[in-house]
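Naming convention: chains lettered A, B, ... in sequence-line order (proteins, then strands); numbering from 1 in each chain. None of these values were measured; they are calculated from a predicted model.
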Number of protein chains: 2
Amino acid sequence: MADTTHSLVELTCPAPLTHKDTVVLGHGSGGRLSAELMQSIFLPAFRNPALERLDDQAIVRVHGVRLAMTTDSFVVKPLFFPGGNIGSLAVHGTVNDLAMGGAAPLFMSAAFIIEEGLPIETLQRVAMSLHEAAANAGVQIVTGDTKVVERGSGDELFINTTGIGSVPSHLFLSSNRARPGDKVLLSGSIGEHGIAILAQREGLEFESPVQSDSAALHTLVAEMLNASYEIRCMRDPTRGGVSSALNEIAAQSGVSIQLEEEAIPVREEVRGACEMLGLDPLYVANEGKLLAIVAPEAADVVLEAMRHHALGKQAFMIGVVHEAGGPLLTIRTALGTCRVVDMLAGDQLPRIC
Amino acid sequence: MADTTHSLVELTCPAPLTHKDTVVLGHGSGGRLSAELMQSIFLPAFRNPALERLDDQAIVRVHGVRLAMTTDSFVVKPLFFPGGNIGSLAVHGTVNDLAMGGAAPLFMSAAFIIEEGLPIETLQRVAMSLHEAAANAGVQIVTGDTKVVERGSGDELFINTTGIGSVPSHLFLSSNRARPGDKVLLSGSIGEHGIAILAQREGLEFESPVQSDSAALHTLVAEMLNASYEIRCMRDPTRGGVSSALNEIAAQSGVSIQLEEEAIPVREEVRGACEMLGLDPLYVANEGKLLAIVAPEAADVVLEAMRHHALGKQAFMIGVVHEAGGPLLTIRTALGTCRVVDMLAGDQLPRIC
């Protein structure tokens, strides 16, 4: 198994928490502190095989039917941002977590925690855009819940969406299935969602404004699976970005991954914003991109299928899976040097989803 | 259809909101304002047959398998109270919403929204008691999510649980199935959860402290369905209490319901607390009780089955369903007079679940 202090594999024994006393913002970052919390509090408490896969969705069986189930609470701030809002994001996030398990999304719940004083008109706009995103993704919102908390006990609006989908009977995607020789595919340019939120929140103005890439990826996934079942696993690099998603896959599969920096598409305005803000695009959140680890013989055909889909036009092969040993994730820069890409430590951008 | 201003049936056309501009605490009460929000914002936005049943759970079909799905966010304050805490409550609430649809609960998600600064030890206690409640109910927590918000943007801890269960193929329970002549059964004494929370929150001291009745009702339901399938619908009278649950059933079924006050069990300490606080137990929340509307010929056998179960020992037949006309819900008092029991207006006890 991989030999690093933050391997998810070795952390299956309750891990020492970096922050022992209280929850800090970084525990919600999707990075190393999130993994610690998962390993030291939630896994020991809830321990069961479906949860221990540590994928973005659980796969369960009911009367012989394979179902995927996933949950996400959305606390994004601000509620509205270029390219979307908390309603559309809640649908895309949950649809994508189902799709990453190869599931066709079917039904969704929507639960609202509202801070007293939220304008009714805001709630209405969010509900409509939640509906539109769900309708576009072919998902029905079949059940819901509304709670209201006093002023100062919430922050405008939080939404939980939980989704179920059906998984083809012979498809087994999981983060522990990457093998040496596999290829790493990325569906498009990275960092847009995180930068769009940050710019909106901080009132930053760029020459060409950055839009969130928030989108439902299930039809892209369907095309990829149509091309080949030799996909080992998929992840949408949301909180913690590409770096956290690939660190987790490497740790869970007991392999290492090497990326090629030049192959990773980053739009000019995102690169500029990241330089200005001192951020590395590999750590910035995406909401409409996916990473796929694919068997070497199937990589070309899957990449080709991705490029035929509107959401995969800019897909690239960005790296290769190697044997374990040394760091989990490294990147070869344009200059030919190699650097370690660690998991996100602390909290780079709180409340981006 | 029933002729009252707050009939859920007539409100299927977008209703005028009593509070037009902003969300108020009462919108989360489970009473009339909650129904207004549902009818004027969420139903028009999400409109689909599964949601429009307006039951506590949706029934959907995946590859021929009937599934129930339900979601609830828990914002109870304080987190710990006599008889339970937010973790056990989150499990019981979701298990019960599944059980009320006749579903055997199977899998559950758990999503945490944590306010920065929450003691890790608190989170650990809650997670353990969530696990214990789930294990006792035979439900697996298969997927989860953690978000952290800044100090002052939340209130310690909110939890969403979403559950799925399997529904027998020939069972069709729904709030629109009550018919004149049906009997109303109640599984035990009312008002304990709401009073336990209120007492804890306000630091009230009673001679004998009131414990929450929080409990998982699915095995009680299994015994009832074992006795007869002639159950029209079931409801656990949580937010808004017995009054709101029965008003909703009467509205959705197009009938009226008459209760017998003397038949409704209320424990002495709950009655005393209600008198002191000016509350009517019919409006106070329960988290381990159920109401069942049962065909007249099956009422005795179902009641008998309830009384054989630990959670139904104090079950009673508390009322009868009549034709529509006049108020949806009335109660005949011990003195023989009759009074209307309206839906909860405003918010009697915020954040009791």
Side-chain angles (χ1 to χ4, degrees), chain A residues 17 20-25 27-28 34 37 41-42 45-46 48 50-51 57-58 60 62-63 65 67 69-73 75 106-107 109 111 113-114 116-120 123-124 127-128 130-131 140-150 152-155 158 160 162 164 166 350-351, chain B residues 17 20-25 27-28 34 37 41-42 45-46 48 50-51 57-58 60 62-63 65 67 69-73 75 106-107 109 111 113-114 116-120 123-124 127-128 130-131 140-150 152-155 158 160 162 164 166 350-351:
Chain A
L17 282 170
K20 288 179 176 49
D21 297 334
T22 61
V23 175
V24 300
L25 283 173
H27 284 125
S34 298
L37 202 64
I41 307 286
F42 296 124
F46 303 152
N48 66 64
L51 187 67
Q57 72 299 122
V60 299
V62 181
H63 298 308
V65 173
L67 295 175
M69 181 176 190
T70 188
T71 191
D72 253 317
S73 292
V75 299
L106 296 172
F107 304 106
S109 60
I113 299 176
I114 307 172
E116 181 188 13
L118 183 78
I120 292 279
L123 187 62
Q124 207 149 20
M128 281 313 299
L130 210 149
H131 163 72
Q140 281 183 45
I141 296 160
V142 292
T143 190
D145 178 52
T146 305
K147 295 291 188 314
V148 182
V149 297
E150 311 86 340
S153 291
D155 192 2
F158 303 145
N160 176 283
T162 301
I164 58 177
S166 81
R351 296 182 60 183
Chain B
L17 283 169
K20 286 178 178 50
D21 297 333
T22 60
V23 174
V24 299
L25 284 173
H27 285 126
S34 297
L37 203 63
I41 307 286
F42 296 124
F46 303 152
N48 66 63
L51 188 68
Q57 72 300 120
V60 299
V62 181
H63 297 308
V65 173
L67 295 175
M69 181 177 190
T70 188
T71 190
D72 253 317
S73 292
V75 298
L106 296 172
F107 303 106
S109 60
I113 299 175
I114 307 173
E116 182 189 12
L118 183 78
I120 292 278
L123 187 63
Q124 206 149 21
M128 281 314 298
L130 210 148
H131 163 72
Q140 280 184 47
I141 296 160
V142 292
T143 190
D145 178 52
T146 306
K147 294 292 188 315
V148 182
V149 297
E150 310 87 339
S153 291
D155 192 3
F158 303 145
N160 176 284
T162 302
I164 58 177
S166 81
R351 297 183 60 183

Going by heavy atoms in the side chains, are [X] and [Y] under 4.5 Å from each other?
| X | Y | answer |
| --- | --- | --- |
| B/Val148 | A/Val24 | no |
| B/Val149 | A/Phe158 | yes |
| B/Val65 | A/Leu67 | no |
| B/Arg351 | A/Glu150 | yes |

Atom pair [atom1]/[atom2] of [X] and [Y] - distance to nearest 0.5 Å:
| X | Y | atom1 | atom2 | value |
| --- | --- | --- | --- | --- |
| B/Thr162 | A/Asp145 | OG1 | CG | 9.0 Å |
| B/Asn48 | A/His131 | CG | NE2 | 9.5 Å |
| B/Thr143 | A/Gln57 | OG1 | CD | 7.5 Å |
| B/His27 | A/Ile120 | NE2 | CD1 | 4.5 Å |
| A/Gln140 | B/Leu51 | CD | CG | 9.5 Å |
| A/Thr146 | B/Phe42 | OG1 | CZ | 4.0 Å |

In terms of heavy-atom proximity below 4.5 Å to chain B, should [X] be classed as side chain, backbone, both, or neither?
| X | answer |
| --- | --- |
| A/Leu106 | side chain |
| A/Ile114 | side chain |
| A/Val142 | both |

Shortest non-hydrogen contact between A/Ala111 and B/Asn160, atoms and distance: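 That would be CB-ND2, 3.3 Å.
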Minimum heavy-atom separation for B/Val62 and A/Ser166, please, with both atom names.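 So the minimum-distance heavy-atom pair works out to CG1-CB, 4.0 Å.
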Which atoms of B/Ile113 approach chain A - backbone, side chain, both or neither, heavy atom under 4.5 Å: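 The answer is the side chain of B/Ile113.
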So which part of B/Leu118 gets closer than 4.5 Å to some heavy atom of chain A, the side chain, the backbone, both or neither?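 For B/Leu118, backbone and side chain are both near chain A.
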Output the option from A/Gly28, A/Ser109, A/Ala50 having the highest count of non-hydrogen pairs under 4.5 Å with chain B.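 Greatest number of close heavy-atom pairs with chain B: A/Ser109.
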Under a 4.5 Å cutoff for heavy-atom pairs, which residue among A/Ile164, A/Asp21, A/Leu37 has the most contacts with chain B?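 If we count pairs closer than 4.5 Å to chain B, A/Asp21 comes out on top.
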Those residues that, when tested against B/Asp72, pass salt bridge (charged side-chain N to carboxylate O under 4.0 Å, His left out) (two or more places apart):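 Result, salt bridge (charged side-chain N to carboxylate O under 4.0 Å, His left out) vs B/Asp72: A/Lys147.
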Heavy-atom pair count under 4.5 Å with chain A, highest-scoring of B/Gly152, B/Ser73, B/Ala58: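 Top count of heavy-atom pairs under 4.5 Å with chain A: B/Ser73.
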Which residues share a side-chain hydrogen bond (donor to acceptor under 3.5 Å, both in side chains) with B/Ser34, sequence neighbours left out: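 In terms of side-chain hydrogen bond (donor to acceptor under 3.5 Å, both in side chains), with neighbours along the sequence ignored, B/Ser34 is linked to no residue.
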